Amino acid sequence: MVKTEREVVQFQQVDKVFNNEIIALSDFDLSIREGELVCFLGPSGCGKSTALRMVAGLGEATAGSVNVFGNHPKEMIKETNDIAFVFQDANLLPWRTVLDNVLLPLELRGGDKKEHKKEAIRVLEMVGLKDYLKAYPRQLSGGMKMRVSIARALAAKPKLLLMDEPFAALDEITRQTLQMELLDIWQKENMTILFVTHNVYEAVFLSTRIAVMSARPGRLTSLIDIDLPFPRQLSIRTDARFTEYVDLASEKLESGNEGRELV
Amino acid sequence: MVKTEREVVQFQQVDKVFNNEIIALSDFDLSIREGELVCFLGPSGCGKSTALRMVAGLGEATAGSVNVFGNHPKEMIKETNDIAFVFQDANLLPWRTVLDNVLLPLELRGGDKKEHKKEAIRVLEMVGLKDYLKAYPRQLSGGMKMRVSIARALAAKPKLLLMDEPFAALDEITRQTLQMELLDIWQKENMTILFVTHNVYEAVFLSTRIAVMSARPGRLTSLIDIDLPFPRQLSIRTDARFTEYVDLASEKLESGNEGRELV
Amino acid sequence: MSMPSVEVTKKQKLLTKKASVKENNVWSKFKQIYLGPIVAFFIFISIWQTVPVLLGLKHYILPKPTDVVNAVVQDWGLLWPAVQITVVESIMGFVVSAVIGIMVSVLLASSKMLERSIYPYAIILQTIPVVAVAPIVVIWFGAGFNSIVVISFLIGFFPVISNTLMGLNSVDKNMDDLFTLYNASKWQRMWKLRIPSALPYIMAGLKISCTLSIVGAIVGEYIAGIGGGKGGLGYSITVAAIQVKTPYLFACGIAAAMLGIGFYLLVSLFAKFMLRSWHESAMKVEK
Amino acid sequence: MSMPSVEVTKKQKLLTKKASVKENNVWSKFKQIYLGPIVAFFIFISIWQTVPVLLGLKHYILPKPTDVVNAVVQDWGLLWPAVQITVVESIMGFVVSAVIGIMVSVLLASSKMLERSIYPYAIILQTIPVVAVAPIVVIWFGAGFNSIVVISFLIGFFPVISNTLMGLNSVDKNMDDLFTLYNASKWQRMWKLRIPSALPYIMAGLKISCTLSIVGAIVGEYIAGIGGGKGGLGYSITVAAIQVKTPYLFACGIAAAMLGIGFYLLVSLFAKFMLRSWHESAMKVEK
Amino acid sequence: GGDETGSAAESEEEEVSDSASDSTESEEIQELESVKIVLNWFANAGHGGIYAADDQGYFAEKNLDVTIEPGGPQVSSIQMVSSGSAEFGLAHGDQIVIARNQGIELVALAAINQRSPQAFMFHKGHGIDDFDEINGRKAFIQPGIAYWEYFKSKYDLSDVNEVAFTGDHTNFIQDVDSVNQVYLTGEPFFMEQQGVETEVKLISDSGYDPYQYVLYVTKDYLEENEETVRNFVTAFSEGWEYFKETPTGTLELIHEHNPDQSMESLNYANETFEEFIYGGDAAEHGVGYMTEERWSTLINQLDEAGVMEVEVEATDIFTTEYLPEK
Ligand SMILES: Nc1ncnc2c1ncn2[C@@H]1O[C@H](COP(=O)(O)OP(=O)(O)OP(=O)(O)O)[C@@H](O)[C@H]1O
Ligand SMILES: Nc1ncnc2c1ncn2[C@@H]1O[C@H](COP(=O)(O)OP(=O)(O)OP(=O)(O)O)[C@@H](O)[C@H]1O
Ligand SMILES: [Mg+2]
Ligand SMILES: [Mg+2]
């Protein structure tokens, strides 16, 4: 695991306690190198979102430290401005149209408006929403809202992309298309991606590494390196090694949560 | 398809047009008999939520008619009060604790408060949230919120249960547990369930019938009767027939959306 | 192959059906919207007409609507110019309240420290009796129009500030996180997040303020005098009171009230327009 | 097997760490919260002290803070009872405004027809100059306390109604659907959905209304007289104005303003308490 | 007014206008000096002379460009004048004394009303002969008004139900036993018009009789602008002389400014005012005349009423030096 590549995200013995009571993360230790695509698997409520939010500087560790590009996340945000987050809920601004929602991060960063608009329309087309540029969020279906949110993150062309169950509300076909698009962008732009999912297939298909977590308190139970070739084709899903990985991940997931009824 | 059983939900040539422009449903025709568990499969934005909302009386058909228990849905709600809905987003009241959120439908219906509380705690335990009775929605993870929403619907013990991607935000293990619980309740209470999902396995595992939809405009492309025995065991997933059904549903889903890039 | 054409006819049908339904509904819509207010108005007027008769109140105590109408007709030449003056004063007062109110709130909301330090003085400005500061206002702004506008402002600005601040501090946490993440500057956050999401509160504040600005203009004339200019409703009311022209006094009062309703409707319309595309209070939800 | 104990110590550590951090922060917290206001206060007082000197304004035009303090000390025997009376009047006025305001809004919000029919009269009550209706108020409620409370109510109730109505009409569409689905009765929907989700608006309205109620009490004393009773601040202000006792007039004004701030803080505290568990404006978000 | 006063005024008018034309000749190059006068109330018949002086160009002849600013219920001319936002003001005699008591150094230059038209109004048949009779009744009195303080010190009014008077008479009309402070020149007329029969008793019957509608400036202003003050007062007197003879034009002018004041009411007020303005010492000495004795009496009365905190000399507070000699 010791590689010379730059480490993008580093969790060091992170604890996160809410309200002095709910231990969301405990002794969380993880380093993610540049260009990795790490999927987080874990039961509901185990702290995946909490971990991602900390990377984005949206939460403070109660103990331990989180570093992003070698900085405190809040510093990093101020300096590099190279991070995007697909939140678990779409989190769109209701008073902005679809297009304007996607334009938001570009607007905040500043620059040529025409370029921005082109880029925004391009990503919206990619997620299949080019006919809804002028629609307001309330006029969209659940999956469409999530896709706008994805488009918003991708339009910003971040170096570090955090995705919290981005495809959970999408049908299998849309999901596959977007998975392929994501991998494509990831490779082209040399992004680092942290990706939360409950879908083991998705995790294996996308990631270079899977982080499996257990609940109560949220701990990292195992790390699985996915040694499948890139670019990945849909056909890989029938590959034996793929199935092996899926089984392994499922098993780790289950064993990490042994003995619990639910959560 | 002609059975003597009572028909619970009837779509008759339903069209739904939003803003005189977006055709969400077109010529939608479907009858659901008492005690069925029908899963809806379809691409994002094809009108699944719209269809469910109409059944719940939360939307009017632009043309055609929707009948529930032989009545207009709005009448039905007023008369029988026997319907529950798990919305696509958790839709919890932020000023109520988890327990109070689950108590809401019981409160609205009236009756013995102690009984209600017992029942609410029971379902919350079932969805694995017994430690969060006093938490507010903002203190919960995405999946936990959805589980509160599910608990709220189940606590009402409805005759007709509408579920819009209830398990999408849950991990595989929690999901399986809840699937089993749902089937259990469904059989015990002789409910009729309409269930939207993007997960073909889930659809086949749960349903008596699968309604596959296509997008733009939302149409019913095929109905698949799932002739697998109840009670269903997890082991059924390795059954050949199960896989067949999954393949069939996937194929129908794909063919219904042939030629489209996305949506 | 024939499907698309069927589709089109069907859609056509739906749309035409909708249109015809609309036409049929003109009357029922009228009933729905206007019947209530009209009935209420007649009830109100009837009660008002009968109460003085029943209680034996003379017209100089509580004039009947007919007395008031007479007074309006008779003194229209006095009333109309007064109304015009008050309209101008209160519109000015309202605009100043709105602009300064929103600007100050935005400034205060930009820093907790600023809010804590300066907000109390906004409360002071609101609560300190206008009579106490009137001389200073008059000395600084001159008797008449300017002072009246200032007093109208003093009375009308606080609801804007109070509501706007509440709104600016009610931003959805998740959206706020989004802006933090994208490293939005303080002012970007203000313009693109806090102000839009405070709009419903701002609008509610403006609705209160617009009626208060009329009260302010009237009180202003009372307190700061009319300077060299012509008097508005405040002046007319004072004179009418002294001259025991109670029906005319009521006519002035009702004129003020009607101005109030007019202003309120305008501001409501504006609020609807601003919030129409997204806020529950204003948008038409199609189900 | 030893895990749990490690766990416990660690947690313990976290908690104690937090506590000690808290203690160290007392001073910085003090700085954060109180330094601004204190500095602002001194700046305000210094400006106020120097402006009259610089502009050569005599104490009977714009008294200096020292003049005001003198006046307070000298006439404390007059000021203090006046403040007490005004406090009682304005609290009564506020309570009546709040209760009637909320009740009326709830009633109006329960039917669009009712709202359209009756709301205009609320605007009329707000805009019609108090001077015009004061005689009737006095006739019906008698000069003095009751009338003053009524006038304070007339001035203070509208912000409550306007804001509450806006809030009651801003219910989240999805939650509304939930209540429709569960066949909630009109009043269940009101109590369990609309009122809770209108609370932030109601609180904002109360904040405005509480300061206005003081203005109302003062105006009320001015307009409805003091009956047989003792006079409050409004009475003192009138007398001070006529006798050109400007420093005392300012003392009264500032007393009113301080009452205003006090009321506002109380109502804010109440609002925080009511909204604390869920609304962005009041809750502490732990990140 | 009588014949004698009329002729006296006429002769004076010639005299004054002569001297006026003299001064304009000598100062012809000078620009008009702008000054402002704040009235004690909305323009009415009691301000006739001032409007006449303006309208007839008497001020202009004296090189003055005068802005006349009407007052109002809460407009404090004293504060405006003392702050310098107006040069001249009108106020009641007792207000000027009280202002002096607060350290505001004003000097009265002329008194428009020789006697006070302030009065108590009663419903017909409920009037009083003696002020003690007010005791036990409801009285609508503006809080803090000076004569009421004096009355309280002189008569037994312990049982009066004192209600703030705010300009509205509705409650007075309602209660036949009540007492309302009024101006003789206004309310009784309006009451009559509404068909409410009333009777009045002048405040001055008690011996408390301050000059009313007193023209004043600040002491500082007077010291630095003696010439302007002289010019102003001269034109002011001329205005009154003119107004006394031919009030109609000026009243129409006031009516134009103030359409809410009907000509009828202005005429009534003018007629009522005549006795107060042109009678008494004014008959002999001309409009605006004041005596030290009257001022001292007033100061003493206010002192008795407990309003005064400092000692005020009557001679300090007024001067007739700028009034045209008669
Ligand atoms: N703001 C908060 N206040 C209090 N507790 C919180 C807060 N946010 C999260 N938690 C708690 O922290 C734990 C982890 O939450 P988190 O959202 O990280 O879970 P998750 O792994 O993302 O789950 P899911 O898959 O359901 O989204 C949960 O027990 C939750 O109740
Ligand atoms: N309130 C609305 N106003 C306008 N258009 C709407 C509205 N609600 C839904 N639509 C449109 O109707 C179509 C179907 O929406 P619906 O929510 O039913 O999709 P869905 O099948 O539930 O999709 P998903 O799987 O993404 O939730 C979409 O094109 C959407 O844009
Ligand atoms: Mg999560
Ligand atoms: Mg949906």
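Below, chain A is the first sequence line, B the second, and so on; all start at residue 1. These figures come from a predicted structure and were not determined experimentally.
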Original post:
Which bit of I136(C) comes within less than 4.5 Å of chain E, counting heavy atoms only: side chain, backbone, both or neither?
Top reply: neither
Subject >> Contact class of E256(E) relative to chain C, heavy atoms under 4.5 angstrom >> reply: backbone
**OP:** Measure distances from Q261(E) to the heavy atoms of chain C and classify the residue's part below 4.5 Å as side chain, backbone, both or neither.
**Re:** both
Subject >> Neighbour count >12 (heavy atoms, 6.0 Å) for atom CD, Q84(C) >> reply: yes
Original post:
Looking at I242(C), D75(C), V239(C), which one has more heavy-atom pairs under 4.5 Å with chain E than the rest?
Top reply: I242(C)
Original post:
What's the spacing between S85(E) OG and F141(C) CZ if we round to 0.5 Å?
Top reply: 12.5 Å
Original post:
Nearest 0.5 Å, what's the OG-NZ distance between S265(E) and K245(C)?
Top reply: 8.0 Å
**OP:** Can you check whether anything in residues 37-50 of chain E gets within less than 4.5 Å of chain C, heavy-atom wise, and list it by number?
**Re:** W41(E), F42(E)
**OP:** Please report the closest heavy-atom contact between L78(C) and D260(E), naming both atoms and the distance.
**Re:** CD2-N, 3.7 Å
**OP:** Mind listing the closest non-hydrogen atom pair of H169(E) and A241(C) along with its distance?
**Re:** ND1-O, 3.2 Å
Original post:
Under the ring-ring contact (aromatic ring centres under 6.0 Å, His included) test, which residues partner F59(E), sequence neighbours left out?
Top reply: F232(E)
Original post:
Rounded to the nearest 0.5 Å, how far does CD of Q193(E) lie from CD of Q243(C)?
Top reply: 8.0 Å
Original post:
Relative to chain C, which segment of V196(E) carries a heavy atom at a distance below 4.5 Å: side chain, backbone, both, or neither?
Top reply: side chain
